[in-house]
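Okay, structure first, notes after.
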Amino acid sequence: MSLGKNIQYLRKQKRITQEQLAEEMSVSRQTVSKWEADEIVPELNKLIVLSDVFSCKIDALVREDLLACDEIFSEITVKKIKGFRMARYVMVTPNPEDDVNRYMDAWAMQSGLLAADPDAKKIGWDFPYVSLELQNRFGLRGYVAAYVLPDGFDTDCPGVEYADQAEADYAVITVYDPFAAAFERIPNAYKKIFEYLEVNGFRERPKDGILSCFEYVYEQNGRTCMDVHIHVDSVSKTDAFTNFS
């Protein structure tokens, strides 16, 4: 583990130069260069600022080998996802991912989907319309699970909402072993795509007929993988806000 290599790695991940980091840290470029070369160690107050700049815990910055993150995340690519029809359902519970996935798996069996297509693709995404009161008082969260319906499959099996997704371009990153540290790796995947697209968040109103984002979990060579998709036109550019100053 090298603190200097961690600083250099995180700086390059953020896609800023030594000069830009130095400006944020109120130090000289030479100081940043010496940090990265392990010639000097940043003072504690600078480590705190570095952790804020990189959205990284101080303990991870100082103790972990962050270059190993390259084994966790793939390169980001932009893919055109063809339109598809889906059956979806949302649940608001303390553990919505597991609950709604069980529900949709049962529906897929009952509807005959899995008999017609045993490899039917299931996707999911956070349901954002849960009030802060429900979250804080009762620990409730929302999640949507959906099965992509193959061409030619037809059913009137109730208990789901049927919806059509239009063709769209998505930025995609693969997270390897996402559930080994779910509350760190999955949010970081979204953060990496946002930085790649140079955006600051989702637009208030999503595009009609297009999911702003979704996740697809699958097994590959005995390893759990998650593909995180973000619609490139459903996000707000960093400079999209009017400056009234």
Side-chain angles (χ1 to χ4, degrees), residues 1-77 94-95 97 125-126 128 132 135-136 139 141 143 171-202 213 215 217 220-230 235-239:
M1 186 283 301
S2 162
L3 174 59
K5 285 186 172 62
N6 281 347
I7 294 172
Q8 183 183 65
Y9 169 79
L10 291 170
R11 174 179 63 78
K12 289 182 176 180
Q13 287 291 305
K14 194 174 176 66
R15 296 195 295 172
I16 59 175
T17 65
Q18 287 185 340
E19 288 84 355
Q20 290 170 320
L21 179 58
E23 185 176 350
E24 288 198 57
M25 298 297 301
S26 300
V27 298
S28 68
R29 186 202 64 79
Q30 288 79 9
T31 296
V32 172
S33 178
K34 289 180 179 179
W35 287 347
E36 294 185 356
D38 285 318
E39 293 180 10
I40 58 174
V41 176
E43 297 176 355
L44 178 59
N45 65 322
K46 295 300 183 184
L47 287 173
I48 294 172
V49 178
L50 281 169
S51 68
D52 289 338
V53 169
F54 295 134
S55 300
C56 174
K57 294 180 180 178
I58 293 180
D59 191 62
L61 179 65
V62 174
R63 297 176 181 275
E64 296 181 12
D65 180 6
L66 297 180
L67 276 71
C69 287
D70 286 336
E71 300 176 1
I72 299 173
F73 302 102
S74 72
E75 293 294 322
I76 297 171
T77 58
N95 189 23
E97 294 89 349
W125 60 94
D126 285 333
L132 287 176
Q135 294 179 49
N136 295 332
R141 296 181 297 108
Y143 197 77
V172 184
I173 188 172
T174 300
V175 189
Y176 300 103
D177 300 317
F179 305 114
F183 292 103
E184 177 182 345
R185 294 184 181 185
I186 298 173
N188 278 339
Y190 282 87
K191 179 174 178 289
K192 285 176 178 291
I193 296 182
F194 275 12
E195 290 176 349
Y196 174 85
L197 296 173
E198 295 183 348
V199 301
N200 52 22
F202 291 106
C213 63
E215 302 156 2
V217 179
Q220 185 177 73
N221 299 323
R223 193 177 193 185
T224 301
C225 303
M226 172 188 283
D227 288 350
V228 173
H229 300 66
I230 292 182
V235 292
S236 302
K237 298 297 181 183
T238 303
D239 58 355

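The distance from atom OG1 of Thr77 to atom CD1 of Ile173, rounded to the nearest 0.5 Å, is 9.0 Å.
Applying the salt bridge (charged side-chain N to carboxylate O under 4.0 Å, His left out) rule to Lys191 yields the partners Glu195; only residues at least two apart in sequence or on another chain are considered. Residues forming a side-chain hydrogen bond (donor to acceptor under 3.5 Å, both in side chains) with Asp227 (at least two apart in sequence, or on another chain): Thr174, Tyr218. By the salt bridge (charged side-chain N to carboxylate O under 4.0 Å, His left out) test, Glu75 pairs with no residue at all, sequence neighbours left out. Asp52 pairs by the salt bridge (charged side-chain N to carboxylate O under 4.0 Å, His left out) definition with nothing, not counting sequence neighbours. Scored by the side chain to side chain contact (heavy atoms under 4.5 Å, CB included) test, Val53 finds Lys14, Leu21, Glu24, Met25, Val49 as partners (sequence neighbours excluded). For Ala181, the side chain to side chain contact (heavy atoms under 4.5 Å, CB included) partners two or more places apart in sequence, or in a different chain, are Glu184, Arg185.
Counting non-hydrogen atoms of other residues, nucleotides and ligands closer than 6.0 Å to NZ of Lys34 gives a total of 12 or fewer.
Between Arg11 and Glu36, at least one side-chain N (NZ, or NE/NH1/NH2) sits under 4.0 Å from a carboxylate O, which counts as a salt bridge. Salt-bridge formation is detected for the pair Glu97/Arg141: a Lys NZ or Arg NE/NH1/NH2 atom is positioned less than 4.0 Å from an Asp or Glu carboxylate oxygen.
Considering only heavy atoms from C-beta on, Ile76 stays 4.5 Å or farther from Val172 through its side chain. Trp35 places none of its side-chain heavy atoms less than 4.5 Å from the side chain of Val41. Looking at heavy atoms from C-beta onward, Val175 lies out of side-chain contact with Cys225 at the 4.5 angstrom threshold. Side-chain contact between Tyr176 and Arg223 is present, with heavy atoms from C-beta onward closer than 4.5 Å. Between Asp177 and Ile72 there is no side-chain heavy-atom pair separated by less than 4.5 Å. Between Phe179 and Val217, some side-chain heavy-atom pair lies under the 4.5 Å cut-off. Under the 4.5 Å side-chain criterion, counting only non-hydrogen atoms from C-beta, Cys213 is not in contact with Val228.
Proximity of the aromatic rings of Phe194 and Phe202 is defined here by a centroid distance below 6.0 angstrom, and this criterion is met.
Using a 3.5 Å distance cut-off with no hydrogens or angles, the side chains of Asp38 and Ser2 do pair a donor with an acceptor.
For Asn6 (side chain) and Val62 (main-chain N/O), no donor-acceptor pair under 3.5 Å exists by modelled atom type.
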